[in-house]
2 protein chains.
Amino acid sequence: MKPRITLKKIAKEFGVSISTVSKALKDSHEISEETRGKIKAFADYYNYKPNSLALQLRNQKTSVIGVIIPEIVHHFFSTVINGIEQYANEKGYNVMVCLSNESYEKEVSNFTVLTNGSVDGLIVSIARETQENKVYKHFDAIISDDFPLVLFDRIIDELKCDKVIIDDIGGAHKATNHLIEIGAKRIALITTQDYITVGSLRKQGYLKALKTSGLTIEENLIYKINDTQDLYKQIEKVIQVKNPPDAILAVNEIYAAIALKIAKEKGLSIPKDIAIIGFTSGLISEFTDPSLTSVVQHGDLMGKQAAELLINRIENTAPSEYQKVVISSNLKIRKSTLSEN
Amino acid sequence: MKPRITLKKIAKEFGVSISTVSKALKDSHEISEETRGKIKAFADYYNYKPNSLALQLRNQKTSVIGVIIPEIVHHFFSTVINGIEQYANEKGYNVMVCLSNESYEKEVSNFTVLTNGSVDGLIVSIARETQENKVYKHFDAIISDDFPLVLFDRIIDELKCDKVIIDDIGGAHKATNHLIEIGAKRIALITTQDYITVGSLRKQGYLKALKTSGLTIEENLIYKINDTQDLYKQIEKVIQVKNPPDAILAVNEIYAAIALKIAKEKGLSIPKDIAIIGFTSGLISEFTDPSLTSVVQHGDLMGKQAAELLINRIENTAPSEYQKVVISSNLKIRKSTLSEN
DNA sequence: TAAAGATACGCAAACGTTTTCGTGTTCATA
DNA sequence: TATGAACACGAAAACGTTTGCGTATCTTTA
């Protein structure tokens, strides 16, 4: 790569000082019209642009936001990034994305790389492994330094920082109520392991709805899926029992789509024999047959909110108390819960 | 945010020079054991880490790769980013993602921001608008400066730089042949506008297969979709004709899924009445009913390749001629082309 | 005891910028 | 003709780091 042109080189070319060049390019009245003209023409011709590293160092500001997420090949996370990027861009920030791949170690290494001056703040959704082992010490340093930080979706309640979450309890509550309204009596829940916060929150919403409706809670209707094992086999057990449930609430789109597929294979009619709802912001629900009713998650909005909180924190326009923003979710009713009469 | 600790502050604390501190922290034998110990303990206690901006400026290297893509909420692009990130990380690079949102203007602004010293190289897939208007002048400056650049998927043939593409012709060819083998005679093609390179390449593969099989090419079986208008209405026209095709090749997953949905609504049986194949690397194809046969695109691999080419270019380990890597695609046969006898 | 060598550190340049403050020249005014 | 302002530019510090080279002090050796 050819070396880029610098103020120093331009200065040398005209036998003037670096400051003269700098001022000339900024149209300073301190520099004579003549000198200004020459310098600007030359700089223009050689396509001069200030080196942003030098500027960042001088201004002690990078205008870059770091984002650490568990994975990117996941519709929800990519909508969040989209939201972050849109808002950040409006405010003149760029986005640096790092993946933890659900690994604690990688998350920590991302932390160290990003907090060494290359970004002005951090937006994080925590890796599964980190949540499982509950080791949060990599947060200590940056929190005690008041480094701008926003957690989203998978958060840690104890940490002192801004947070954005989906109204998981409310979403699951609405979904479960909807199932009850269309006549379901025995609603199975397909959820994650307990340490995934969103899974356990959605379970709370589910339980709450059952209680207020006076339905009995059957522990054996709650299935905790292990994401590292075969999903089909695990979900098959929900349906292939002597007394199958008459409705299913799944905490994500994939679980729901698999359940639907299996139910159809077993000859069940949906929603007549069994109604199904998933959580999602993905595309699958639209194209299954029947299409899947689902709790819509508004990842874009979540990203926007997270970026807004962060930038306010960076620019010191935030209130001193940390905020917890809850993004409400709504039910998109499709055919998997819609009787055709 | 609290100000970070620097060499200067440590130096002041012990009344030594900055260089002494720097050397001590690097375990230089030039510094006495005693001084080294004190300084390292202090630095450790205050969690000193070298400011990466300063290092980047000094070393004239950021170890950051810039990526500009049309959108991120798109399974294909997110797999590519995933591939880029994995490989880049292994090699000690970080990834900065920018979105053009299919807009020429935003693409240009991303260019200017990223080529000002904040990244060592650029991986780009071109915005729709840019392809439509064929204005490539924002590439001129960086190409004549030999700035490391890799184009992928949506490329520009004339530009002198490394490129990675899917074997679009071959993929479409294989898919079309497969349709012919299962007995299709009148194969419709649902493709994009001509200026989208991947669309026109896939069309070439389609035409080639028809020719070599001796089937007649019917221009009115080729439908060019406009992405900014209602997809359903446009695709409906493919099926709702007096003499519908007996097979459909769609150049992406969404088109295929919509075609499938419409065909079912019209009472057609798939694949008996009409067989369907899509291009994809998404999740939808798996969960439609019947599941969709599709050309698998290996976005991860594409990203890895792009990152590899770029990093070789950055580190000057690449051959001087520019390379064009073709990622071969393969057919994943599912039920939309599988007669059940 | 003088010369040579080892030890332990500091200086300063370099990366590329911005900006405050100074300074030499020119011109007009009293 | 001396004084002051206006004009046009330069010096230097600052951001934080690394590193080659210089140097003062101490120790060893002949």
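The sequence lines fix the lettering, A, B, ..., with proteins before strands; numbering per chain opens at 1. Just so you know, these numbers come straight off a predicted model, no measurement behind them.
Aromatic pair A:Tyr48/A:Phe42: centroids not less than 6.0 angstrom apart. Aromatic pair B:Tyr87/B:Tyr93: ring centres not closer than 6.0 Å.
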Polar pairs (N or O, both sides) under 3.5 Å between protein and nucleotides 15-18 of chain C?
from	atom 1	to	atom 2	distance (Å)
C:dC15	OP2	A:Lys8	NZ	2.7
C:dC15	O3'	B:Gln60	OE1	3.4
C:dC15	O3'	B:Gln60	NE2	3.3
C:dG16	OP1	B:Gln60	NE2	3.1
C:dG16	N2	A:Ala54	O	3.4
C:dT17	OP1	A:Tyr48	OH	2.8
C:dT17	OP1	A:Asn51	N	3.2
C:dT17	OP2	A:Leu7	N	2.7
C:dT17	O5'	A:Tyr48	OH	3.1
C:dT17	O2	A:Arg58	NE	3.4
C:dT18	OP1	A:Lys26	NZ	3.1
C:dT18	OP2	A:Ser22	OG	3.0
C:dT18	O4'	A:Arg58	NE	3.3
C:dT18	O2	A:Arg58	NE	3.1
C:dT18	O2	A:Arg58	NH2	2.3

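For the pair B:Lys12 NZ and C:dG10 P, the computed distance is 16 Å after rounding to whole Å. As a whole-Å value, the separation of B:Glu34 CD from C:dC9 P is 8 Å. Rounded to whole Å, atom P of C:dA8 lies 13 Å from atom NZ of B:Lys38. D:dT17 atom P lies 16 Å from atom NZ of B:Lys23, rounded to whole Å. Remark: P of D:dA14 and NZ of B:Lys9 are 14 Å apart, rounded to the nearest angstrom. Per the geometry, CD1 belonging to A:Ile31 stands 7 Å off P belonging to D:dG10, to the nearest Å.
Distances shown here put every side-chain N or O of A:Thr20 at or beyond 4.0 Å from the OP1 or OP2 atom of D:dA8.
Using a 4.0 Å cut-off between charged side-chain N and carboxylate O, B:Glu30 and B:Arg36 make no salt bridge. No salt bridge links A:Asp146 with A:Arg313; every basic N to acidic carboxylate O contact stays at or beyond 4.0 Å. Ionic pairing of A:Asp162 and A:Lys324 is not present here: no N-O contact between side-chain nitrogen and carboxylate oxygen is shorter than 4.0 angstrom. A salt bridge does not link B:Glu85 to B:Lys304: none of the charged nitrogens lies less than 4.0 Å from a carboxylate oxygen.
In terms of polar N and O atoms assigned as donor or acceptor, the side chain of B:Lys61 never comes within less than 3.5 Å of the base of D:dT18 in a complementary pairing.
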